[in-house]
Structures are given as C-alpha cells and as structure tokens.
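Taking it in order: structure first as structure tokens, then the write-up.
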Amino acid sequence: MDRLQGKVALVTGGALGIGRSVCELMAREGAAVAVADLDQEHGNEVVQEIRERGGKAEFWKLDVSDEAQVKLVLHQIELKFGPVTVLVNNAGIGGANKPTHELTLEEWEKVQAVNVKGVFLCTKYAIPQMRRAGGGSVIHMSSIYGIVGAPDVPPYHASKGAVTMMAKTDALIYAPDRIRVNSVHPGFIWTPMVENHLKTMPDPDAARAAISSLHPLGHMGQPEDIGWACVYLASDESKFVTGAQIVVDGGYTCR
Ligand code: NAP
C-alpha cells in the first residue's frame with residue numbers, strides 16, 4: 001500500500017489504457033499523481049476515481065510535443081505537489097500504417113513529435129526537479145518493437161527504438177544524481193490504441209486471435225501488467241536498476 005509513499009509521479013497519457021492503470025496503481029501505492037493527457041474528460045475521471053479511494057491526484061491537460069506546455073505543467077506540478085520524482089513517459093501514438101516508401105514526411109514527423117520529442121521534453125524539464133529532490137526514476141514506455149521488428153508502422157517502431165536508447169544514455173548521464181532511467185517493453189496490451197488498430201482490419205476478431213497467438217502465454221496483456229512493472233521501477237525496490245529494458249510481453253520476444 002505504501003511502496004511509493006512520498007513520491008510525486010507525472011504520468012503522461014494517463015487518461016486511458018496503460019497510463020490510466022499506471023496512475024491508479026501508483027496512487028494506490030501512495031504517490032501523489034499528476035495525470036497529464038490531451039483527453040480532459042477521461043483524465044478528470046481518473047483523478048476523481050483516485051480521490052474517491054483516498055489518493056492524491058490532479059489533472060493537467062498537456063500535449064507532450066509542445067515545449068511551452070511541458071515547461072508550464074512541470075512548474076505547476078512542482079508548485080502543487082513538490083518536485084517530480086517519478087516520470088512515466090507513456091503518451092504515445094501508433095501513427096500511419098504504410099510501408100516506408102509510401103509514408104509522407106508529415107506522417108513520419110507526427111509520430112516522432114509525440115513518441116520521441118515528447119519523451120525528450122518531459123525528461124528535460126523533470127530532471128532539474130529530480131536533482132533538487134536528490135534523485136528520481138524516469139520510465140520510458142517503449143515496446144516489444146523497441147527490441148524486435150515487424151513489417152508494419154515504420155515510424156512507430158523507429159520511435160520505440162529511439163526511446164530505448166535514450167533511456168540507456170540518460171541512465172549513464174544521470175546516475176551520479178541518483179536518477180535512474182529505464183524502458184518498459186509491453187507486448188500487445190488490450191487498450192483503446194490496440195482496439196482502434198484492430199478496427200481498421202477486415203476481420204477484427206480474427207486479427208485479435210492472431211495477435212494473441214503471437215504471445216507464448218496465449219493472450220494479450222492487461223494494462224495493470226504494465227502498471228505493476230512501472231510501480232516497481234518507480235519504487236526503491238528497484239534502486240539498483242538503471243538503463244534496463246523491462247520486458248512484459250507474455251514471451252513475445254523469446255523467439
Ligand atoms: P492509448 O490507449 O491510445 O492511450 C494513450 C493516451 O495518450 C491517450 O489518452 C491519448 O490521448 C494520450 N496522448 C496521445 N498523444 C498525446 C500527446 N501528444 N500528449 C499527451 N497525451 C497524449 O495507448 P496505450 O495503448 O495505453 O499506450 C500507451 C503507451 O504504451 C504508448 O506509448 C504506446 O506506444 C505504448 N505501448 C502500447 C502497447 C499496447 O499494446 N497497447 C504495446 C507496446 C507499447 P487521446 O486519446 O486524446 O489521443
């Protein structure tokens with residue numbers, strides 16, 4: 001119940017899916033949670049649920065790809081809760097599903113703006129607060145596709161490879177500040193992102209079964225499977241873990 005007592009966690013993309021579960025579990029473990037998302041309605045719902053259970057949370061509307069907004073929101077979170085000591089760079093988009101030669105530059109850049117630039121910006125503005133606090137934990141939400149390839153969504157896979165390496169670089173740079181930086185690599189997790197992706201397919205039920213079978217455990221994961229991994233990385237239980245790739249994929253990348 002108190003694995004994250006005294007910590008201040010910023011979770012981007014916290015209104016839905018994986019981020020929502022991260023918010024709920026971190027609040028349950030005692031963190032004050034800043035839920036940041038484009039989606040105001042669901043973000044406020046998450047905050048209300050956390051407060052009803054006695055937890056601490058506040059919603060901030062945030063586009064992680066906008067530097068001015070990131071800077072302002074980080075400042076406001078510090079004023080409200082104190083310095084951010086846990087940052088979960090979870091906000092992400094799937095983007096266009098076309099082969100590389102058919103992609104437009106705009107489609108490519110749209111994905112990098114959220115999935116890579118957003119991670120850079122939130123980390124950039126959270127690090128000074130973590131330094132002031134004497135340490136912290138940064139978690140980049142990568143993917144199995146930050147480790148292995150697949151013949152689809154090229155901008156997405158590139159973005160997840162990028163954040164995997166950004167975690168290792170920053171792990172080295174900020175280790176002397178007692179700031180740990182790790183990446184989490186989910187397999188397919190049943191969230192609105194995956195649900196919407198399947199809806200674009202001719203037979204969504206068959207596609208769901210086919211994707212499930214790619215995981216040796218035989219099914220997709222649930223948001224809390226990733227949420228608990230983030231709680232571990234945010235907590236002092238993982239105090240010797242930095243620059244690591246935490247894979248939570250039902251065995252997908254074993255092959
Ligand atoms: P999701 O269901 O689509 O939820 C993502 C949330 O992020 C949404 O609330 C979305 O708001 C928000 N968001 C999008 N762009 C944003 C921006 N620029 N600034 C702030 N918030 C933004 O996604 P998910 O499946 O939970 O995925 C969360 C993370 O896990 C992503 O980084 C994803 O790549 C990664 N991941 C997911 C899976 C999976 O199978 N689900 C697997 C591997 C990795 P709107 O709805 O308003 O756009």
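The first residue in the sequence is number 1, and the count goes up from there. When a ligand or atom number is given, it counts from 1 through the structure's own listing order. For the numbers below, each heavy atom of this structure counts, side chains included, while hydrogens, waters and symmetry mates do not.
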Which pairs with one or both residues in residues 174-200 pass salt bridge (charged side-chain N to carboxylate O under 4.0 Å, His left out), sequence neighbours excluded?
-> Arg131-Asp177
Would you check if the side chain of Ser142 reaches a backbone N or O of Val163 as a donor-acceptor pair within less than 3.5 Å?
-> no
Return the set of residues passing side chain to side chain contact (heavy atoms under 4.5 Å, CB included) with Ser213 (not counting sequence neighbours), or none when no residue passes.
-> none
Does any donor atom in the side chain of Asp37 or Thr12 lie under 3.5 Å from an acceptor atom in the other side chain?
-> no
Min side-chain heavy-atom separation Met166-Thr164 under 4.5 Å | no
Less than 3.5 Å apart, which donor and acceptor atoms pair up between the side chains of residues 68-81 and the rest of the protein, not counting sequence neighbours?
from: Gln69; atom 1: OE1; to: Asp63; atom 2: N; distance (Å): 2.8
from: Gln69; atom 1: NE2; to: Asp66; atom 2: OD2; distance (Å): 3.3
from: Gln76; atom 1: OE1; to: Trp60; atom 2: NE1; distance (Å): 2.9
from: Glu78; atom 1: OE1; to: Arg132; atom 2: NH2; distance (Å): 2.8
from: Glu78; atom 1: OE2; to: Arg132; atom 2: NE; distance (Å): 3.3
from: Glu78; atom 1: OE2; to: Arg132; atom 2: NH2; distance (Å): 3.2
from: Lys80; atom 1: NZ; to: Glu58; atom 2: OE1; distance (Å): 3.3

Pocket residues of ligand 1, ordered first by chain and then by residue number (heavy-atom cut-off under 4.0 Å) | Gly13, Leu16, Gly17, Ile18, Asp37, Leu38, Asp39, Leu62, Asp63, Val64, Asn90, Ala91, Gly92, Ile93, Val114, Met141, Ser142, Ser143, Tyr156, Lys160, Pro186, Gly187, Phe188, Ile189, Thr191, Pro192, Met193, Val194
